[in-house]
Amino acid sequence: MTGASTESGGRTATRALPRPARTADHEVLDPRFDPEPAYWSELRATAGLHADWCWDALAAQAWAARTPQYVTVLHSGDGPYGVVWAAWVGPPTRRHRFARTKRGGRLGGLDVRAPNNASAPGWWFADGAGKRLLTDYVPAMRERVGGARLLLARQLADTDAAAIGTPTRIVRPTEPISVLDTDSFESVDHWLSELRTTRRRSLTQIEQTIGDDPRLEVRTGSMTESDPGEVAALLRHNAEKHHDVPIVPLPMFTGYLENLLCQPDVVGVRYVDPLSGALRALALILDHPQWPVMRSWSTLPLHRGGRRNLYFDMYTQAVRFALASGKKGVVLGKKMTDLKRTFGARTVAQHAVLAPLY
Amino acid sequence: MWNSLAFRLWRAAYLRAVSSAFATVPLYRETWALRGRTDPVLVPGKTGTGGGALPADEVHRRLVDTAPLAGGSTEPDPARGLAGLLGHATERRSHRLVVVVDSDVARPPTGLPRGSRGCVLHPDAATAAGDEPVLREIVDTLRRGERVLAVGEAKNLDMLSAELPAELPPPDRVPHHRIDRPGGGPFGLLHDPLLGYLGVLRECGRLHVDRRHVYVRETPGGLAFTVLDRTSPRLVDVLIGGGVPGEVHACPKHASPVIDT
């Protein structure tokens with residue numbers, strides 16, 4: 001899924017599935033109440049869905065959300081051929097309250113997006129056809145929530161946005177995502193050698209400073225042993241800096257992190273004090289066979305034990321991880337586009353489409 | 001219970017606190033939605049373990065999630081609730097200076113009666129040389145013939161008394177009681193470093209809950225305390241002292257809720 005989003009054209013599955021029949025069955029699931037479907041792990045692997053799509057994390061995320069969230073699975077005779085995550089936005093939605101403890105309301109709209117991740121689309125179809133959002137997904141959802149009047153789909157590439165062809169629709173470019181291709185590099189030094197001299201020198205210097213700091217150690221790997229409470233507290237420092245949108249996304253809470261961090265495909269770049277074991281900074285990477293996503297970054301403030309410039313070193317560590325595990329590249333996500341360009345990243349245009357449903 | 005109307009109002013305040021915490025505070029939302037709770041059950045079929053009460057050390061680890069979505073502090077106030085209990089904690093109605101001698105308390109108590117001032121003294125500072133400003137203030141207040149009330153662990157209060165000049169009258173004292181280490185009377189305050197002051201040992205010898213601000217319920221994990229005020233951090237159904245079993249009933253003398261451990 002993420003791999004597809006980084007291509008300039010349409011979406012392709014990580015592993016090809018048989019072309020689905022046009023007349024299909026479907027399931028509309030609410031992770032708060034519905035148990036994990038038996039096929040879910042296989043579907044996740046087939047569609048290349050990140051760790052934040054594991055059912056336990058979805059359930060935790062859905063409970064701690066402002067709106068009800070639906071997972072819609074479209075089936076053909078050969079198995080699932082599509083999956084869509086959407087928030088049901090309708091009254092009564094309140095900024096400072098979680099969703100009510102019941103399934104979605106009567107009148108509202110569908111906000112199709114990835115759960116807790118602005119760098120990936122919230123849908124996958126085996127044939128990669130974005131128009132299936134209108135032809136297959138919307139009819140399925142309207143059977144479940146008849147009052148759906150609007151469809152907002154985000155993280156659409158150019159071709160997907162064009163494919164959603166309703167007579168009246170609003171298409172707007174949104175913030176692009178940055179993608180760093182790494183498969184052409186043989187080593188971190190090779191990648192560094194391709195960067196601007198000042199950036200290369202700066203990264204080398206930062207890495208040396210970290211190596212010389214006896215109270216700092218970089219550990220990259222599984223997060224299963226980490227303390228979700230400590231991680232949540234650390235991530236909150238960064239989450240509180242970014243209040244530049246009208247409705248601030250909710251941060252990742254401890255219960256959600258408990259379910260997410262125990263997944264084998266969540267990798268952390270941890271900056272740890274080797275003496276006390278305290279976490280000073282962290283980058284969370286949602287692993288993927290080809291395109292891992294940099295999900296979150298945060299560091300302690302300097303007066304609480306943080307260190308300068310760790311944010312820049314995180315990119316070196318991400319490239320090191322991608323090269324060591326043979327990825328095509330790393331999805332660096334939104335924001336800081338100019339800075340990410342200095343690391344060799346390219347940008348992929350993103351669109352949002354708002355379509356009325358009649 | 002001690003008085004049906006008073007009990008119903010007390011219980012209603014607790015139910016409002018639970019409902020609000022479930023709707024707005026991440027810690028309780030996640031805990032009660034994913035694991036469940038009882039009395040009341042919020043998600044049909046999910047009753048959890050221990051009735052949904054959380055041990056204090058788990059709440060402490062997850063303090064970051066105890067602020068409601070609208071925002072608020074995640075720093076607990078160990079001096080919370082002191083002012084409201086002082087009237088029952090001593091025979092004297094007011095004191096010029098209220099000193100909390102406790103290493104867990106970093107900020108002075110607020111909401112004291114008019115004419116009273118609050119301050120905090122770290123136990124280590126109580127034994128330091130006489131240049132400690134709080135110690136000087138205590139001595140000056142006593143020299144002026146005004147009353148000083150010292151609150152804290154009994155051993156800390158003893159230490160403070162030993163540091164004061166022998167010619168001065170000793171300060172009044174109210175010792176802390178921990179739920180897992182109850183002390184004798186005639187006075188005392190039930191204190192927890194996370195939730196603050198929860199109750200008072202009155203002259204009847206029973207531990208009275210601060211019913212205006214605190215609710216207690218019996219759970220399989222022990223007595224669970226709730227701070228009823230809509231403050232942040234929000235503290236609901238917390239098992240203090242590692243979870244101490246006990247009962248809540250009415251005081252035959254004062255007709256208010258008391259706990260028996």
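In what follows, every chain begins at residue 1, and chains take the letters A, B, ... in the order their sequences are listed.
- Each of A:Pro251, A:Ala99, A:Pro228 has some count of heavy-atom pairs under 4.5 Å with chain B, and the biggest count is that of A:Ala99.
- Around atom CZ of B:Arg212, no more than 12 heavy atoms belonging to other residues, nucleotides or ligands sit under 6.0 Å away.
- The neighbour count for A:Arg304 CZ, taken as heavy atoms of other residues, nucleotides or ligands under 6.0 Å away, does not exceed 12.
- When heavy atoms are compared at a cutoff of 4.5 Å, B:Pro68 does not approach chain A at all.
- Counting non-hydrogen atoms of neighbouring residues, nucleotides and ligands closer than 6.0 angstrom, the CZ atom of A:Arg66 exceeds 12 such neighbours.
- Between A:Arg97 and B:Ala23, the shortest heavy-atom contact is NH2-CB, 3.3 Å.
- Interface remark: A:Asp56 contributes no atoms to any contact with chain B (heavy atom separation under 4.5 Å).
- One finds the CG atom of B:Leu69 at 5.5 Å from the CZ atom of A:Phe253 (value rounded to the nearest 0.5 Å).
- Remark: A:Arg100 CZ is loosely packed, at most 12 non-hydrogen atoms of other residues, nucleotides or ligands lying under 6.0 Å away.
- Not one N or O on the side chain of B:Glu30 forms a donor-acceptor pair closer than 3.5 Å with the backbone of A:Trp63.
- Looking only at heavy-atom pairs under 4.5 Å with chain A, the residue among B:Thr74, B:Thr31, B:Val25, B:Leu27 that has the most is B:Val25.
- Residues of residues 41-64 of chain B that come closer than 4.5 Å to chain A, counting heavy atoms only, are B:Leu42, B:Val43, B:Lys46, B:Arg61, B:Arg62, B:Val64, ordered by residue number.
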